[in-house]
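Let me give you the structure first, and then I'll get to my questions.
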Amino acid sequence: MFFIASLILALALVHKPLGDYMARVYSGPPGRERVLYRLLGVRPDIEQRWPSYARALLAFSLISVLVVYGLQRLQHHLLLSLGFDAVPTHVAWNTAISFVTNTNWQAYAGENTMGHLVQMSGLAVQNFVSAAVGMSVAVALIRGFARRGSETIGNFWVDLIRGTVRILLPIAFVGALILVAGGVVQNFTGPHEIATLAGGTQHMTGGPVASQEAIKELGTNGGGFYNTNSAHPFENPQTWTNWIEIFLLLLIPFSFPRTFGRMIGQLRQGYAILAVMAILAVLSVILLNVFELSGKAIVPQAVGAAMEGKETRFGVAGSATFAAATTLTSTGAANSAHDSYTPLGGMMTLLNMMLGEVAPGGTGSGLYGMLILAVITVFIAGLMVGRTPEYLGKRISAREIKLASLYFLVTPVLVLTGTGIAMANRAGLAAMLNAGPHGFSEILYAFTSAANNNGSAFAGVTVNTPWYCVALGLCMAFGRFLPIIFVLALAGSLARQQAVPVSAGTLPTHRPQFVGLVAGVTVILVALTFLPALALGPLAEGVH
Amino acid sequence: MAVAAGLLDPRQLVTSLPDAVRKLNPLTLWHNPVMLIVEVGALATTILAAAEPSFFAWAIAVWLWLTVIFANLAEAVAEGRGKAQAASLRAAKRDTTARLHESGGVVNASDLRPGDLVVVEAGEIIPGDGDIVEGIASVDESAITGESAPVIRESGGDRSAVTGGTKVLSDRIIVRITQKPGESFIDRMIALVEGADRQKTPNEIALNILLAALTIIFLVATATMQPMAIYARDINPGVPDSLALTADGVSGVVLVSLLVCLIPTTIGALLSAIGIAGMDRLVQRNVLALSGRAVEAAGDVSTLLLDKTGTITLGNRQAAAFVPASGVSPAELAAAAQLASLADNTPEGRSIVVYAKEAFGLRERELIQPRWVPFTAQTRMSGVDVADRQIRKGAASAVMNWVRVHDGHPGEQIRGLVDGISASGGTPLVVGEVNGGQARVLGVIHLKDVVKQGMRERFAEMRRMGIRTIMITGDNPLTAKAIADEAGVDDFLAEATPEDKLTLIRKEQAGGRLVAMTGDGTNDAPALAQADVGVAMNTGTSAAKEAGNMVDLDSNPTKLIEIVEIGKQLLITRGALTTFSIANDIAKYFAIIPAIFAAVYPGLDALNVMRLATPQSAVLSAVVFNAIIIVALIPLALRGVRYRPSSAADLLSRNLYRYGLGGVIAPFIGIKLIDLVLQHLPGMS
Amino acid sequence: MERLLHWTRAHLVAIRAIVVLTVLTGGIYPLLVMGVGQALFHHQANGSLVQKDGKTVGSALIGQLFTGKDGKPLARYFQTRPSEAGEGYDMLSTAASNLGPEDIVDTLPVPGHAGRKSLLTQVCARSRAAGELEGVSGARPYCTDEGVGAVLKVFPHRVVSVNQPCPATPFIPKYRGMAVECARPGEDYAAGRTVPVDGGATAEVPPDAVTASGSGLDPDISVEYARLQAPRIARERRTPVERVLALIAAHTTGPALGFLGEPAVHVLDLNLALDQAR
């Protein structure tokens, strides 16, 4: 309880200055990073229309995939390979997509697959830039709302560089040092053996973990240096580093609404969005804690607590809170085995992702996802006040609602068709570790996680097979870039519009009424979409 | 047009049934993807039922067909109401002949071309729309307006337009035809009320996109449930096959039922009926919207331009005070003013007589050999000569000049009075007399613009709705301000020229506002065309009627306010039924999911919160409810959701409770009630 | 053509961007963290290594096995939690069991096939083993006395105790009037209704002793588990149990700041302290 309360307090204190700072970074003149623009060969004062912005983003992502893929395939020729072989093609492809899309789904175990250089200069780089890409898309959408009659929505390269250099790098650096102080390792040690106290031997290994760990949380990436991610004592050694990691992964997503409010010049609109996120998040954290602490399932009852797959130092609550935070954001790091959660606790982690990663969601992606939901809500509610719906002075007409609908369609369709196809073929079914409805939940979780770019897993599932690497890779790619294209198109069309002045006839979008409505619409739409699947998975397992 | 708005006669349902069945044609349903899916589902279940007959399967099939028919019925009923009006309009359009002016030859009315000159005499039907170029006539326009009193139409000015199909009652006119064959006003009216060329409006298109997206989601959710269900059945081999779930998965009939229950059929079924009914409501108020877009825009309007005269004030000024000159008693002035006005039949003149009677108890008098002096544009005054007394009233300068000519001295005090009245927005009429060679000014009559009753409240209402009202007047700024303050409008445009109006509209639009206005004159045409909602008065010129996107057959400018409300009501009805439709899905899930899966996962029976009797009765009840709710909501769709002017936040709260929360709760009750009946049918266990 | 030009240009910039950003975030940044980290927090940055007599015996953060060559627990040491990392506490294959909370039916071994123990049976077995080691009852709810999951498969006309291979004696003789059978390995019981039986036992072995951790490297155990082991340690080391309990208390970390996380006993530290106390 204090754990959660202290997190809320800390975020409440920090989101304002950070949100304001981010607004300044994205709307102010170029700073000392100017030299980087010259290296890139872009002029920071020239803005792009949305197609160019999207083209630049896609080109950058494509090149990123190739680089990460190449590094993995060539790692046996690289420095610090630790003697590991080249990563198999399908795993390398899956991993490249996974890190570029900010999913950080891992079809491999870090400690016995990836050399230090690949981790540090391939994967961790994507932790930065994929987060910066998400932030740039959110900022482009904010500009769409803020601008009037503008053809351009910003310059992707400038947003990418600014986000990385002026926001992510400094915070990650401080975060990394704090984590080192807590015991997260930062060295180039490879696998070696030591003699244990009891006279046996134990494998040890190190790595540049802290630098990757900090950005893994801050950028809501979630790809662990080691297989067991933030449960691993070298990634998350203390109860207080656990707190720091949760704080870091919530930090930017919860600060972005402030940036939004600041950039559109109406702070209260930012607060409304923040309130929707916070309500959903707090509800989810509480429910997940309640389900885990009450331990309603046979094995937890036999054990006496839902301790399977959880670390002693974190306990049930510290694990459940981390699980809620990591699935509410698109982080997907894990400090415990979600697969062993109680059925309803596990369902909450699923549901968090099914919300579309909006409460508060990933860096940037959470805000743009929530704004899309606000647009859909405004459309339905706006009609009910007898006007063509408008949000922040921008009319939501056919083109806008088409883009918002397409955005909203992408992930449910990917999740459900992916799961459906997996359930209908032998390669899909073979991946289950657990039997019965829990096995189905593993598959459902995999596709939900991939399509929503979360990256956490009911990790019993065996996904390093070519079938899954390809299927989930496609889900991650489509689940990331289709929505981004729709958001940028929406930003373009909003930026072009003039603003409708606010009057008493305008639906107020900053009041509790609207906050409740967005939260309600989100939950109902998600529940309606996924109820059959949830009924056959966690509900079938958990309701007796 | 005596059709009462909003009431649904049950007989209409029966008479529209054949149309509803005819609309089952998939080509007709193509424009409504949601209902097309239901029809495909109905067809599929029929085939399945035929292949493996069971009472349950046939019952589902029948009710799915009924769902489609009910949807068609809603549309057919909405259209049917327009058809009656169309029929009466058609009667007016019966074949007429036309006499050409130049050649004198007789041609069929349908052969007339724009520019043709035709002669129409008393007792003849005007063969086509046009402008009078010569003559004056009284015309019976009841065929289109429903108003039986004849109207005067004359060449030149703002009353020159005539409509084909109306009847000349007296005199003879020459009309220049302005319409193309088959595009007459009546033709357009017929098409409009029949909804024949109804095009989807922007908001309707947007809503359709959202509904399509929801449909796709539920299609995917239902389709992908099948492999999950097969797996669930597969890992529970001990569970016997049920009607809903076998080793092959969920039975086709149940799967289709779930799909139909989830996709937004309620709003899908009623959407076009709502649109047609919205247009219809305007027609009931004698307003013709020439495009559906205009009706929607009316709901969005944030600035109303209202002409002062006739809209905000009564058409005429009225006497409001008698201000005597020094040394003259008020009664004396009143008496003189009354005398001067006895023969004055202008509204102002009559109002002076009325005021004299009300304020001073002066009755009308019989005068001995009065000589009435009528008003002329040259003298700018009128009055009476009785014996050796001459009384005049009129424009201040004219009367004072007249007094001076007769050696009187009007004095500075009068000038002060006149200026004071002008400044307060009134019109001063000076009364003077020459009595026994002695000329003097008796005082000033204060004529005032009288604001119509209830306008202040109306404008306050508009303000609550977030609509700014701007008064347009030719008066000077001082006068305009006084009236604007009294009427309670937000702003005014004084000494307005047509160009000023156009500029004002453009300025408002540049600020992102939607503007509505009324107009009748040819010089209003550019502004009417520029406005988002331009309501032309039917009495106006054809140019004005061409430029606007609505025509008010009653020529009542106040109606603009009602038009805005109807526009809002249309959007609210769509939004409310969409919300209701989506909210309904929750209960349907609670009915169908446990019905299918409680056999394999007994825990899921906990979801059966309605305690429906059997899986079959649960599924059937949901399907039946889904169909019946469409019929139940037809009256609402036609009547429109009740609209009370209030702020957006209040409106939202009210509609959310009613249609959101109501939409969640209603089906739980409805499905349970239906189940209580259905469970006694054979084949339900 | 123009579009192609746009795309080509975008890709050229993209290549430059990835190079620049890699140098920055994949080179300078981690090396800077390493430099400052190694300087300021040398011990932590290198894995918080623990030394005994000048030799590294492990990391303070990583749990390790205290078992003999035969894999049996060394009675003179506090035991860590069950581990799913490789053969136990293997940093090169960290893992959790990932078994679900309703994983309660075993697949019994048949010749040629090893079978699979359900999570419930694993818990029951660990509980029984820990109970034996510490000389307390290893009984738990939903567990049979011999340490498998107490789970029935109920058919219309027969009942099978599905985790108890014949010729075991079923944990209850009768269920709803039907005689309970032992399970015949290889037979398919999928069609039966699964009925776990609580049995009403109160567990004396604490939860962390019967569950595997998330990382497989959990360095800590609960205070309860440590206390449970204290008598055995005292006996083996011939020290008063109070002294052992005092050592436990000395190596218990409370929740950070008093509210973050759970109190935990650090096993390696504790065992080191025991060895040094000798």
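In what follows, chains carry the letters A, B, and so on, assigned in the order in which the sequence lines appear, proteins first and then strands, with residues in each chain numbered from 1.
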Applying a strict 4.5 Å limit to non-hydrogen atoms, the region of B:M465 in contact with chain A is backbone
Of all heavy-atom pairs linking B:G662 and B:P667, the shortest is O-CD, 4.1 Å
Residue selection (most heavy-atom pairs with chain A, distance under 4.5 Å) from B:V600, B:L258, B:I235, B:V301: B:I235
A:L429 versus chain B, heavy atoms under 4.5 Å apart: side chain, backbone, both or neither? side chain
Please check: side-chain N/O of B:Y231 versus main-chain N/O of B:Q226, any donor-acceptor pairing under 3.5 Å? no
If you tally heavy-atom pairs under 4.5 Å between each of B:I217, B:V641, B:I592 and chain A, the highest tally belongs to B:I217
Below 4.5 Å from any heavy atom of chain B, which atoms of A:L536 appear? Answer side chain, backbone, both or neither. both
Just wondering, more than 12 heavy atoms not from B:F668 lying within 6.0 Å of its CZ? yes
Greatest number of heavy atom pairs closer than 4.5 Å to chain B - which of A:H544, A:M423, A:Q513: A:Q513
Is A:R399 close to chain B through its backbone or its side chain, or both, or neither, when contacts mean heavy atoms under 4.5 Å? neither
Side chain, backbone, both or neither: which part of B:L214 has a non-hydrogen atom closer than 4.5 Å to chain A? side chain
Just so I understand: if I count every heavy-atom pair under 4.5 Å between each of B:L262, B:L514, B:L207, B:I216 and chain A, which residue has the most? B:L207
Taking side chain as everything from C-beta outward and backbone as N, CA, C, O, which of these in B:L570 sits under 4.5 Å from a heavy atom of chain A? Side chain, backbone, both or neither. neither
Using non-hydrogen atoms and a 4.5 Å limit, figure out which bit of B:I572 sits close to chain A: side chain, backbone, both or neither. both
Using a 3.5 Å distance criterion without hydrogens, assess whether the side chain of A:D339 forms a donor-acceptor pair with backbone atoms of A:G460. yes
May I ask you to name which of A:V543, A:L528, A:I401 has the most heavy-atom pairs under 4.5 Å with chain B? A:L528
Between B:R468 and chain A, which part of the residue has a heavy atom less than 4.5 Å away: side chain, backbone, both or neither? neither
Nearest-0.5 Å distance, CE of residue B:M228 to CD1 of residue B:I230: 11.5 Å
For the backbone of B:C261 and the side chain of B:T265, can you confirm whether one donor and one acceptor N or O come within less than 3.5 Å of each other? no
Taking atom CZ of B:R464 as the centre, does the number of heavy atoms from other residues, nucleotides or ligands within less than 6.0 Å exceed 12? yes
Relative to chain A, which segment of B:R513 carries a heavy atom at a distance below 4.5 Å: side chain, backbone, both, or neither? both
How long is the gap from CZ on A:F478 to OG1 on A:T411, to the nearest 0.5 Å? 14.0 Å
Region of A:T529 in contact with chain B, defined by heavy-atom distances below 4.5 Å: both
Sequence neighbours excluded, which residues qualify as ring pair (Phe, Tyr, Trp, His ring centres under 6.0 Å) partners of A:Y445? A:F458
If I compare all heavy atoms of B:E461 with all of B:P645, which pair ends up nearest, and what's the gap? CG-CB, 3.4 Å
Heavy-atom cut-off 4.5 Å, strictly under: side chain, backbone, both or neither for A:A424 against chain B? both
Neighbour count above 12 (heavy atom, 6.0 Å) for B:R293 CZ: no
Please enumerate all residues that pass side chain to side chain contact (heavy atoms under 4.5 Å, CB included) together with B:T579, with sequence neighbours excluded. A:I380, A:M384
Could you check whether A:E400 pairs with A:K394 (Lys NZ or Arg NE/NH1/NH2 to Asp/Glu carboxylate O, under 4.0 Å)? no
B:T215 meets the side-chain hydrogen bond (donor to acceptor under 3.5 Å, both in side chains) criterion, sequence neighbours left out, with none
Just so I understand: if I count every heavy-atom pair under 4.5 Å between each of B:L604, B:I593, B:I205 and chain A, which residue has the most? B:L604
Where on A:L444 is there a heavy atom nearer than 4.5 Å to chain B: the side chain, the backbone, both, or neither? neither
Between A:A527, A:S503, A:P501, A:S405, the one whose heavy-atom pairs under 4.5 Å with chain B are most numerous: A:P501
Heavy-atom proximity to chain B below 4.5 Å, by part of A:R148: neither
Close contacts, residues 648-656 of chain B versus chain A, judged by heavy atoms under 4.5 Å: B:A648, B:A649, B:L651, B:L652, B:S653, B:N655, B:L656
Which value, rounded to the nearest 0.5 Å, describes the distance between B:I582 atom CD1 and B:L211 atom CG? 7.5 Å
Under 4.5 Å from any heavy atom of chain B, what part of A:A404 do you find: side chain, backbone, both or neither? neither
Portion of A:L517 that has a non-hydrogen atom of chain B nearer than 4.5 angstrom: side chain
Can you check whether A:F145 and A:Y391 have ring centres sitting under 6.0 Å from each other? yes
Looking at CG of B:L636 and CZ of B:R642, how far apart are the two atoms once the value is rounded to the nearest 0.5 Å? 11.0 Å
Check the pair A:F530 / A:V415 against side-chain contact (heavy atoms from CB on, under 4.5 Å), numbers first and verdict last. CA-CA 9 Å; A:F530 292 107; A:V415 170; 3.8 Å; yes
Atom OG in A:S441, atom OH in A:Y341: separation rounded to 0.5 Å? 15.0 Å
Using a 4.5 angstrom heavy-atom cutoff, name the option from A:P437, A:G382, A:A499 with the most pairs to chain B. A:P437
Using a 4.5 angstrom heavy-atom cutoff, name the option from B:N236, B:T578, B:L210 with the most pairs to chain A. B:L210
So, the part of A:I421 with a heavy atom under 4.5 Å from chain B: the answer is neither
In terms of heavy-atom proximity below 4.5 Å to chain A, should B:L577 be classed as side chain, backbone, both, or neither? neither
What distance separates B:M225 CE from B:L255 CG, expressed to the nearest 0.5 Å? 5.0 Å
Please look at A:F440 and chain B and tell me whether the side chain, the backbone, both or neither of the residue comes under 4.5 angstrom of a heavy atom of that chain. both
Contacting moiety of A:T417, where chain B heavy atoms sit under 4.5 Å: both
Out of B:A297, B:A213, B:P202, return the one with the most heavy atom pairs under 4.5 angstrom to chain A. B:A213
